[in-house]
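Just so we're clear, the structure is a prediction, and the values are computed from it rather than from any experiment.
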Amino acid sequence: MTPAPVTSRPHIAVGVTGASGAIYAMRTIAALLEIGCHLEIVFSDYGKRLLMDELGSDAKVDRLQDLLERKYGPAVQKGTFVVHSNKDLGATLASGSHRCSGMVIVPCSMKTLAGVALGLSRSLIERAADVMLKEQRKLILVPRETPMSLPALRHQVAAAEAGAMILPAMPAFYQKPQTIDDLADFIAGKILNGLGFDQHLFAPWKGE
């Protein structure tokens, strides 16, 4: 089967920053590719370091396709992706005329969260997030920090007031996870739901 052209795919931006939680980023990217999205991915410098620190020395951005296929299988080939430099403020994601329907920053460092909340646009990740807010598109921030300082809490409130969804990396346990991958599935599934997609990574709560 010939893959659908990029223009007909859902366009989603993914920012990866230096907060702990590389597995959440990778599972989210894989899950979005598995449903056929076209992703525009941006790693901060510490986001790149995060991959190697938490996933091993072979987890490098220039080997991302191979890493995804080895971990999650050939289903990731259903989607496509490009990687932008976080320093490239002239990239497509920096413009509201670029039809990207949503964005997730996973994991989202407190520095990045503050930059988004204050509209600083110091990097492509921050600028792309600002575009999502000003165009009233979906923006999901996935903070992974504990405990939270008062400034961090206030920045989350400010970002939420501006229109972002705050989706902390807090996996649930009602689905009886057996592995770390199960916990990553839960967060990725929640992110897909937040972006408006159906997910089959974990079974939803059905009550008694």
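Between Thr17 and the choices Ile125, Asn86, Val42, Asp45, the side-chain contact (heavy atoms from CB on, under 4.5 Å) rule is met once, by Ile125.
A continuous path of hydrophobic side-chain contacts links Leu133 to Leu141 [ILVMFWY only; heavy atoms under 4.5 Å]. Taking hydrophobic clusters as Ile, Leu, Val, Met, Phe, Trp and Tyr residues chained together by side-chain heavy-atom distances below 4.5 Å, Ile105 does not share a cluster with Leu50. Put simply, Ile166 and Val104 are part of two different groups of oily side chains (I, L, V, M, F, W, Y) that touch within less than 4.5 Å, one to the next. The hydrophobic cluster containing Leu55 does not contain Tyr46, counting ILVMFWY residues as joined when their side-chain heavy atoms lie under 4.5 angstrom apart, directly or transitively. Cluster membership for Phe197 and Met132, using ILVMFWY side-chain heavy atoms within less than 4.5 angstrom, is not shared.
Between atom CZ of residue Arg9 and atom CD1 of residue Ile35 there is a gap of 11.0 Å, rounded to the nearest 0.5 Å. To the nearest 0.5 Å, the span separating CG on Asp185 from NE2 on His200 amounts to 13.0 Å. A distance of 6.5 Å separates CG in Leu192 from CG in Leu201, rounded to the nearest 0.5 Å. The line from SG of Cys100 to CD1 of Ile12 is 6.0 Å long, rounded to the nearest 0.5 Å. Taken to the nearest 0.5 Å, the NZ atom of Lys190 stands 8.5 Å off from the CD atom of Gln199. Here Leu89 contributes atom CG and Glu126 contributes atom CD; the two are 9.5 Å apart, rounded to the nearest 0.5 Å.
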Could you please spell out the steps behind the salt bridge (Lys or Arg N to Asp or Glu O under 4.0 Å) verdict for Asp66 and Arg70?
-> CA-CA 6 Å; Asp66 179 61; Arg70 282 192 285 109; 2.9 Å; yes
For the pair Val116 and Asp130, evaluate side chain to side chain contact (heavy atoms under 4.5 Å, CB included) and give the outcome as yes or no after the intermediate values.
-> CA-CA 6 Å; Val116 172; Asp130 193 49; over 6 Å; no
Pair Leu64-Phe81, side chain to side chain contact (heavy atoms under 4.5 Å, CB included): steps then yes or no = CA-CA 10 Å; Leu64 188 57; Phe81 69 86; 3.8 Å; yes
Any chance you could lay out the side chain to side chain contact (heavy atoms under 4.5 Å, CB included) test for Gln77 and Glu69, step after step, and finish with the verdict?
-> CA-CA 8 Å; Gln77 297 176 11; Glu69 290 186 22; 3.3 Å; yes
Starting from the C-alpha separation in whole Å, work towards a yes-or-no answer on side chain to side chain contact (heavy atoms under 4.5 Å, CB included) for Lys71 and Asp181.
-> CA-CA 10 Å; Lys71 176 68 175 176; Asp181 286 334; 3.1 Å; yes
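Summarising the geometry of Tyr72 relative to Ile23, their closest heavy-atom pair is OH-O, 4.2 Å, with the distance given to 0.1 Å. Minimum interatomic distance between Ala22 and Leu51 (heavy atoms only, all atoms of both residues): CB-CD2, 4.1 Å. Nearest heavy-atom pair, Met148 versus Pro143, reported as atom, atom and distance to 0.1 Å: CE-CB, 4.2 Å. A pairwise comparison of heavy atoms in Leu113 and Ala152 identifies CD2-O, 4.3 Å as the closest pair. When all heavy atoms are compared, the tightest approach of Val131 to Leu93 is CG2-O, 3.7 Å. Nearest approach of Val76 to Leu33, heavy atoms of both residues: O-CB, 3.4 Å.
In this structure the side chain of Leu67 reaches within 4.5 angstrom of the side chain of Met26, judged on heavy atoms. When side chains are defined from C-beta on, Arg99 does not count as touching Ser101, because their heavy atoms never get closer than 4.5 Å.
Residue-environment remark: CG (Asp198) stays at or below the threshold of 12 foreign heavy atoms within 6.0 Å. Within 6.0 Å of CD1 in Ile180 there are 12 or fewer heavy atoms belonging to other residues, nucleotides or ligands. The number of heavy atoms from other shown groups lying within 6.0 Å of CZ (Arg49) does not exceed 12. Within a 6.0 Å radius of CZ in Arg154, other residues, nucleotides and ligands contribute 12 heavy atoms or fewer. Applying the 6.0 Å contact sphere to CE of Met52 captures more than 12 heavy atoms from other residues, nucleotides or ligands.
Looking at Ser123, its side chain never comes within 3.5 Å of a backbone N or O of Lys87 through a donor-acceptor pair. Between the Lys48 side chain and the Phe43 main chain, no donor and acceptor come within less than 3.5 Å of each other. No donor-acceptor distance shorter than 3.5 angstrom exists from the side chain of Thr112 to the backbone of Cys108, with no hydrogens or angles considered. Arg137 contributes a side-chain N or O that, together with a main-chain N or O of Gly96, makes up a donor-acceptor pair within less than 3.5 Å. Panel note: side chain Glu54, backbone Gly21; a donor-acceptor pair is recorded below 3.5 Å. Arg127 places a side-chain N or O within donor-acceptor distance of the main-chain N or O of Ala94, the cut-off being under 3.5 Å.
Residues Glu40 and His84 have side chains that bring a donor and an acceptor to within less than 3.5 angstrom of each other. In this structure, a donor-acceptor pair under 3.5 Å is present between the side chains of Thr80 and His38.
Residues that satisfy the side chain to side chain donor-acceptor pair (under 3.5 Å) test with Asp88, not counting sequence neighbours, are absent from this structure. For the ring pair (Phe, Tyr, Trp, His ring centres under 6.0 Å) test, residues two or more places apart in sequence or in another chain that qualify with Phe202 are Phe186.
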